[in-house]
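Inspection log for the structure reproduced underneath, given as structure tokens.
Starting from 1, each residue takes its place in the sequence as its number.
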Amino acid sequence: MGIRRFSGLEVTLTVLFLLVTTAAVALVVLMATGEPAVIKDGENTHARTHTTDIVDPVCPVIPLGERVDCFPDAGASKRGCCWSPLDERNAPWCFFSTNHGYSIQGTHTHKHTHTLSLEIHTKTHVLLTPVPVFCLQISDAHKKRFEVPHEHIKPPFNTYPVCSNTTTLSSSHPPRTHTHRFDTTMGPLVFADQYLQLSARLPSHNIYGLGEHVHQNYRHDTNWRTWPIFTRDSFPNGGTHNLYGHYPYFLCLEDESGKSFGVFLMNSNAMEVTLQPAPAVTYRTIGGVLDFYILLGDTPEQVVHEFLELIGKPMIPPYWSLGFQLSRWDYGSLDEVKKTVERNRAVDLPYDIQYTDIDYMEDKKDFTYDEVNFKDLPQFADYMHEKGQKYILILDPAIAISRRINGPYEAYDRGTQKNAWVTEADGITPLVGEVWPGVAVFPDYTNPSCKEWWTDEYVRLSKEIKHDALWIDMNEVSNFMKGSIKGCDDNNLNYPPFTPSILDGVLYSKTLCMDSKQTWGNHYDVHSLYGYAMVLATKDALERVFEGNRSLMLTRSSFPGVGKYSGHWLGDNAANWNDIKWAIPGMLEFGLFGIPYIGADICGFFDDVSEELCRRWMQVGAFYPFSRNHNAQHYKPQDPAVFGADSLLLNTSKHYLNIRYTLLPYLYTLFYKAHTTGDTVVRPVMHEFYSDSNTWTVDRQFLWGKHLLITPVLDPVSTSLFHTSKHTYYFTFHLKLSKKKTIVEMYLPADKLGLHIRGGAILPIQRPAVTTVYSRLNPMGLIVALDDNNRAAGELFWDDGDSRGILTKSDGVSGELTIQVMHSGYSDPNNLKFENITVLGVSSPPVTVNVTHNNNNIVVSTFKYDTVKQVLYLRDLNLTLGQNYTVRWDQVRDPVPETQRFDCYPEPDSDETKCRARGCIWGVGVPWCYYPEDYGYTATTVIEQPSGWSFDITRNAGLRSSGRPESPDINSLRVEIKYHSADLLQFKIFDPTNKRFEVPVPLNVPSTPETDETKRLYIVHVKKQPFGIQVIRKSTGTLIWDSALPGFTFSDLFIQVSTRLSSDYVYGFGETEHASYKHDLNYHTWGMFTKDQPPGYKMNGYGVHPFYMGLETTADAHGVLLLNSNAMDVTFQPTPALTYRTLGGILDFYIVMGPTPELVVEEYTALIGRPVLPAYWSLGFQLCRYGYANDTEIADLYREMRAAGIPYDVQYADVDYMERQLDFVLDSQFQGLPALVDHMRGEGMRFIFILDPAIGANETTPYSAFDRGVEDDVFIKWPKELSNDIVWGKVWPDFPGVVVNESVDWDTQVEIYRSFAAFPDFFMNRTATWWHREISDFYTKTMKFDGLWIDMNEPSSFVHGTVGEKCLGPPVYDNPPYMPPLESRHRGLNHKTLCMNSQQHLSDGTPVKHYDVHNLYGWSHTKPTYE
């Protein structure tokens, strides 16, 4: 470990500059004034308060995951912190108190800055504002400190446009909810001379980035993981140590909405970053300033765009650099290099580039070559060019001070003359270390004289040795000595008070002394910029040599912004199964860092590789953007041809390299998009499917852009897992996979990996060859993969491979492909043609294929259709690159995917004739008969008011009748949308000219609407055609209701509306027996109509509840109530979507927004009424049966239960206690029941009796319940125009004086034994009065009870409709034109209940048909019974 020393002064300074939430102070100022801020001393407003007192810590109980380490170094010190040792070491024992920090003592505002004076002890809340990039710099106004002299990022407070003045910024981002994104209230920001610390709480654990390290997973582990950042020449072997690059940048995905942000600390000093479970991040750096850039995006990909806009978008590599490459350290001779080249040429391996490592040099000296073993090297590039191949050589920074074999080392001498070297602390003496060439000096690439020297030497080299590009290595900077050959002085740069947890624990280990000098500053400050500065110098040198051509640079050490000029490889890995896995997170991270030209050494650098590992690595390596097989000195060769011309490894390598070369136009276009917009090339699955939380940790597969999924085998003797996502089809280049949002285990034999094209893609391709020079001469083509909606789109960028270009855009819909040139700045000399187009997902064979060009139409005769694979092959097209074309194919086809169809003929007897009679489409699939896209209504003038909407809609002209003559369509409707509260909205669709039945159940809606849009949890959009309402959750953008779908029907006796659902997770609807709590959305229909029907699968039961709760993919929840009491059904389909069909009334929907499932229930019950609080005793155990013979049986049961000591609170009596099942009449066998009840109640028991609604009507002696009911006119009757009689039914009551013969069948029993029964109309106030009187009389005159059980109130009748089963009035109500799938649907709605024309009266006297209120009978019965 390094020497760590704190002087008393340093301790004092550390305490002095403890800053809690200084970042937050700046942010608060920003929000108040709309300008960016830096924090520094006030300009003569208030002096900074100095103190050496230790603060008395305030130490409340702080959750372990939120403790911020006050003592990350070894040793002991009093720091005014909290001490609480634990039985584990990962959480800090010494942590900051809550009263560290600064308060604002004064402010001063300049045009682009805010200046603040701070005093210790303050905490401020942080909430970021929705601007693309927020810049925050914390520095010392009294002392200039080192700041990164970035080539692309200009000083943020004067010239950088994104940060210059927030009042001038515009943003496409919708306003964010108040989520804390970088909340520094959890711990102080410490600002000492050599110790700066800032902690911030983050909104989620989805943290990606930080580097360079080996991260075994793409998503970070937040369980107290500390990652040092300081460039270092080390092996990427899976530990947590620092590696070649310096990237204090991470991306955080907030949730399934895709909302993301990035945080970049532009600081080049040694640092460490700790991730902890809060989740939170803590930065500890030992110098410079805190220069934060916080980037907000609606998606992870958008955050990458913004970061690359900040640091510089990546270069477009030359086309040839996308070919396969071979290299190794120490071929030994040029002859061995050529043997390698020849054996791989001989087997026709696609192969573009050959490298030589430092062994080509004379004694490993830069700008030389070994004139013995590599004597023909100057002509080697010509040898490669003869076959269309390229040659790349390496240079290291270290320059030997020794002479060459035959004379002076002139490169060293010229550099010395220019003072090009890093010096010791005196600023004069070159610092001397040791690297590959031996004792050496180190160029100071930050020195303009050094850059001139480097460029000059490279020009000299290029004239001597032809080559095509440059590979630079060892530029961390690496030194085999610790600091220098003299060692390093004992001072606070070489031994700072705090050393981050870097490898070896000593800053100068395997590099230079920290007090050495460079033009940009002390090596202490600029060490991690060494590779960056070398890249900038090498960029100048390459431009001098290659002039207008791009060439290529490859660097090992990097810093944000390097990707603007260079690619990178993941370093000196090894031939093992871990390193093949860990390469994928590494590539994904460098995509975030802005270096898309990235790859790992295929087959491993160190160690001998097994055939199986190398074979699997060649397969996946064929899809690395930088695809190079490279291995080290003394290990067996591992180029593909060395395994044998007939080897499985070679054949599978050729297969996948040929696929790579076929797809190079697509890959090249991805690099163009990276260069122009900042798109990632190798892309995490999460970037495309962030709404699926399963993808957040996927790092064993990756995408090329949006559209190509690569799933390699990364373990010995294994298959692989394949993630798919919702709304996405994938094609295995031919075969369509229909599984979505699933994890599929694929069998991938020894010669295969997984390749899948995403539905919706158009990939440009080219016939492959063994090099890109030759492949670029071949015809081009397109692969079109249609998505669910039969659409696809893609782009092609094409140029000479070095400069100018054509941008072509292709768009496809089922049956038509448009090729359009967006920009033409290049004419290909080879007159390239699009020869073949392959279209995946074509549902039926085309009849004709036509190409239109310049208004000329050409019939294509050479096409083929594969019925099984549903692939259309268009051949020999000869469409010239750079010109516009339209390709059309006419199909005998079904244009709508099954999941997007909505059933136009839900009745069971559909056929094509009936379907087309409704103006619908008939086609093979589910459903066979479905609505055309324009079927529905159109909204005209639609204007939103603060409290909602009100407008009219009209049935679309030209539509046929909905196909049910007894139910005429209503052509004009009114729509009202009301914003009742922040979490409740209503939309109602009704006939404004003819009043229709509306459910009279009162709901609890606020008296005033919520007119403040900022408070509402939802946004409502109205689609005009086809008319539909869309409800969007504001916080996530999730569409939770979308009825803008075909099929909306509103007729007199049939209403249908469909909506898309936000996910597959839907619960509710009833009362029916569901096989599972979560609904199965695979075309299931559930009828709802109250019926006396024992529970059974898909049989409508006793209640009706047209309410469901939906879970969204973001884990939010909402609820939807359709306030409609007519017979109805609901159909689920896999879209996912839901279709309502109801037989009357209006559409009156209420949506509650949750956002949690429990809140949905709370909001729903607030709307419909909170559930009754049951009596305490009713929570006890209860006993009941239908069939007690007499009161003695109940008494015996009671005694036995008591004797057995069984907990038992409530006893019931069913209809058998009644005389012939007559309400309110006690049977002769139960005459002792009143006394028994009194006895039981005296011992603490409770008794409950049953009452049914039907009242017997054939008594020969007075029966007061019926007699007074007739007198009070409480029973349901026919409408007066039909009859003035009661609508008679039959239920349990028997005729008087009969003995029931139970051996005869049920229907006969009903006919001969059951008396007529009348049904009270409980809506009427007089019925409630009558019912209350009958119950009260029974309680006072017959026997006491503690509760009532009411049954048979669906209402149930044992005859169908009425006695004699001949309902009066129009039969259309008993047998409507559409019958939902109810139990005994063929018998009509009056089966086992009343005739639908029966008339009831609401409490205000309004007459209504039983047809409309049948489902409300139980509700109407319950209310007066409760009262």
Show which side-chain atoms of residues 1093-1104 pair as donor or acceptor with protein atoms under 3.5 Å away, not counting sequence neighbours.
{"residue": "Lys1098", "atom": "NZ", "partner": "His1084", "partner atom": "ND1", "Å": "2.9"}
{"residue": "Asn1100", "atom": "OD1", "partner": "Glu1383", "partner atom": "N", "Å": "2.8"}
{"residue": "Asn1100", "atom": "ND2", "partner": "Phe1089", "partner atom": "O", "Å": "2.7"}
{"residue": "Tyr1102", "atom": "OH", "partner": "Gln1093", "partner atom": "O", "Å": "3.3"}

Spatial distance of atom OG1 (Thr1090) from atom NE2 (His1414) [nearest 0.5 Å]: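 Between Thr1090 OG1 and His1414 NE2, I get 3.0 Å after rounding to 0.5 Å.
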Just to verify, what does [X] make a salt bridge (charged side-chain N to carboxylate O under 4.0 Å, His left out) with, not counting sequence neighbours?
{"X": "Lys988", "result": "Glu998"}
{"X": "Asp1216", "result": "none"}
{"X": "Glu1302", "result": "none"}
{"X": "Arg1170", "result": "none"}

Pairs touching residues 1184-1193 that satisfy side-chain hydrogen bond (donor to acceptor under 3.5 Å, both in side chains), sequence neighbours left out: Tyr1188-Gln1211
Lys1423 atom NZ: more than 12 heavy-atom contacts under 6.0 Å: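 Open.
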More than 12 heavy atoms of other groups within 6.0 Å of Glu1365 CD: yes
Non-hydrogen side-chain atoms of Phe1149 and Leu1122 separated by less than 4.5 Å: yes
Minimum heavy-atom distance between Thr1327 and Pro1320, given as atom pair plus value: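 For Thr1327 versus Pro1320, the nearest heavy atoms are CG2-CB, 3.8 Å.
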Parallel, tilted or perpendicular: rings of His980 and Tyr1150 (30°, 60°):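 Tyr1150 and His980: parallel rings.
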Axial cation check for Phe987 ring with Lys978, 6.0 Å and 45° limits: no
Stacked cation flag Lys1078 on Tyr1065, 6.0 angstrom / 45 deg: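 Relative to the ring axis of Tyr1065, which defines the angle, Lys1078 lies inside both limits.
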Test side chain to side chain donor-acceptor pair (under 3.5 Å) applied to Asp1412 and Asn1126, step by step: CA-CA 5 Å; Asp1412 292 314; Asn1126 288 85; 2.8 Å; yes
Positive for ring pair (Phe, Tyr, Trp, His ring centres under 6.0 Å) with Phe1266, one of Phe1319, Phe1224, Phe1275, Phe1316: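 That would be Phe1275; it is the only one of Phe1319, Phe1224, Phe1275, Phe1316 passing the ring pair (Phe, Tyr, Trp, His ring centres under 6.0 Å) with Phe1266.
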Arg1314 vs Asp1294, salt bridge (charged side-chain N to carboxylate O under 4.0 Å, His left out): CA-CA, chis, key distance, verdict: CA-CA 4 Å; Arg1314 299 287 182 259; Asp1294 292 336; 2.5 Å; yes
Residues Glu1243, Tyr1198; criterion side chain to side chain donor-acceptor pair (under 3.5 Å); working and verdict: CA-CA 11 Å; Glu1243 294 186 345; Tyr1198 173 63; 2.4 Å; yes
